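Shown next, in structure tokens, is the structure this report addresses.
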Amino acid sequence: MSSPSIEESSPRVMERKGGQMNGVHGIHTQQDFDPSAAPPFRIAEIRAAIPDHCWVKNPWRSMSYVFTDFLVVFVLVAAALYFNNWHFWPLYWVGQGTMFWALFVLGHDCGHGSFSDNLTLNSVVGHILHSSILVPYHGWRISHRTHHQNHGNVEKDESWVPLPEKIYKNLETGTRILRFTLPFPLFAYPIYLWYRTPGKKGSHFNPYSELFAPNEKKFVMTSTACWMVVASFLVYLCFLIGPLQMLKLYGVPHLIFIVWLDCVTYLQHHGYEQKLPWYRSKEWSYLRGALTTVDRDYGLFNKIHHDAGTHVMHHIFPQIPHYHLVEATEAAKAVLGKYYREPKKSGPIPFYLLNTLLRSFKEDHFVSDTGDIVYYQTDKDLYKFYKTTKSA
């Protein structure tokens, strides 16, 4: 295959052709396989390849994960209070922050209905799990549903959606730097819950937000009330045992949980070595959007956070319980072919993903305002800023 000309390598021409753009803005290569091409298979074919038992939701098994995770949380608290020294606290913060993230994943399953077929059980357990880590269950559940219904759609997606060039260029320079310079983006989740992202309005706590339909207001009010109860209880504990102790027991682990959440959810949709497409209008479909998601290997954390890195199959069939996702993925590979991208194998600790994050935040800044198949482009000025900062 001959190299593309300068004209053919321009972002808009590449977007129109569905070509691949890799590396810094202006440096592109085409691959033999075009991930933006409409897949030659249908969702029904993927479904047929998955064993029947993978669709079964076992509420007892689901609850066992809840009990186990909460048990670990309380054991870690007891250990921290017992040892109470600065050699143990960092270990506690990492461990407890990871367990908060594991609780979030189980609540996430409740929101999808993959926890059980019992809507009441899902709602009650989901509220307990998410409220305990200051997440408004229904507010998040509804916006996350929007994300799954529109994954990969530049105009309608909800989670880590790329900014169109016009909106991006209107951001202040300081905002761009904060948004794309680690570690700042990894603390974005609370801001997203309160204010969403640039170009979108609403709050996950406000029942009158445009995020929600009129018949969903009561659900949002319930979740916001639960959030306020837990927040008030945490304030009470600050008075009871002191703000510094609460910072050590809850505050720092909560920050680490936020980093886990932002890191994992970002990498589920960004940072693959080959640029992956985003869609608009008639080019988007549910299946094409789902096939742009990415699986990741988190080493020893895979089972701790309930296989949250197995994401492609979760986006195609969110009703599959997390404990069947790996098997379902293996069964579906024969159908997916090149549309499934094998994750890079990790050691016990997934340090390799730090380079993936750094590269993506340096290069993936905005998409074109036009075109139905678009790829991330790089802000050359921001990229130069990163290079200058690194060499300084």
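Note that this is a predicted model, so its numbers are computed, not measured.
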I'd like to check the side-chain contact (heavy atoms from CB on, under 4.5 Å) partners of [X]; sequence neighbours left out, ordered by chain and number.
X	value
Asn58	Trp60, Arg61, Tyr323
Ser281	Asp372
Ala328	Ile50, Cys54, Met313, Ile320
Ser132	Phe70, Leu103

Original post:
Hey, are Arg176 and Asp379 close enough for a salt bridge, meaning a charged N less than 4.0 Å from a carboxylate O?
Top reply: yes
Subject >> Asp369 bridged to Lys166 by N-O distance under 4.0 Å >> reply: no
May I have the list of side-chain donor-acceptor pairs in residues 344-354 shorter than 3.5 Å, sequence neighbours left out?
unit_1, atom_1, unit_2, atom_2, d
Tyr352, OH, Asp297, O, 3.0
Tyr352, OH, Lys344, O, 3.3

**OP:** Anything under 30° is parallel, anything over 60° is perpendicular, the rest tilted; go ahead and classify His306 against Tyr65.
**Re:**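 Ring orientation, 0 to 90° scale: perpendicular.
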Using residues 120-130 as the side-chain source, report each donor-acceptor pair under 3.5 Å to any protein atom, sequence neighbours left out, with the distance given to one decimal.
unit_1, atom_1, unit_2, atom_2, d
Asn122, OD1, Ser116, N, 3.3
Asn122, OD1, Ser116, OG, 2.8
Asn122, ND2, Ser116, O, 3.0
Asn122, ND2, Asn118, O, 3.3
His127, ND1, Ser123, O, 2.8
His127, NE2, Ser223, OG, 2.9
His130, NE2, Phe104, O, 3.0
His130, NE2, His108, N, 3.4

Original post:
Does Leu178 sit in a hydrophobic cluster with other residues, and if so which ones, taking ILVMFWY side chains as linked at heavy-atom separations under 4.5 Å, directly or through other members?
Top reply: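 Joined to Leu178, directly or through intermediates: Phe184.
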Original post:
When clusters are formed from ILVMFWY side-chain contacts under 4.5 Å, directly or step by step, what else is grouped with Leu211?
Top reply: Ile142, Phe212, Val220
Original post:
Please, which pairs that meet salt bridge (Lys or Arg N to Asp or Glu O under 4.0 Å) have at least one residue in residues 198-215, sequence neighbours excluded?
Top reply: Arg196-Glu210
Original post:
Can you name the salt bridge (charged side-chain N to carboxylate O under 4.0 Å, His left out) partners of Glu216, sequence neighbours left out?
Top reply: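 Checked Glu216 against salt bridge (charged side-chain N to carboxylate O under 4.0 Å, His left out); matches are Arg145.
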Original post:
Glu342: what forms a salt bridge (charged side-chain N to carboxylate O under 4.0 Å, His left out) with it, not counting sequence neighbours?
Top reply: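 Salt bridge (charged side-chain N to carboxylate O under 4.0 Å, His left out) list for Glu342, sorted by chain: Lys333.
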Give the table of side-chain donor-acceptor pairs shorter than 3.5 Å for residues 87-96, with sequence neighbours excluded, one pair per line with atom names and distance.
unit_1, atom_1, unit_2, atom_2, d
Trp89, NE1, Asn84, OD1, 3.3
Tyr92, OH, Gln96, NE2, 3.2
Tyr92, OH, Leu249, O, 2.7
Trp93, NE1, Lys248, O, 2.8
Gln96, NE2, Val73, O, 3.0

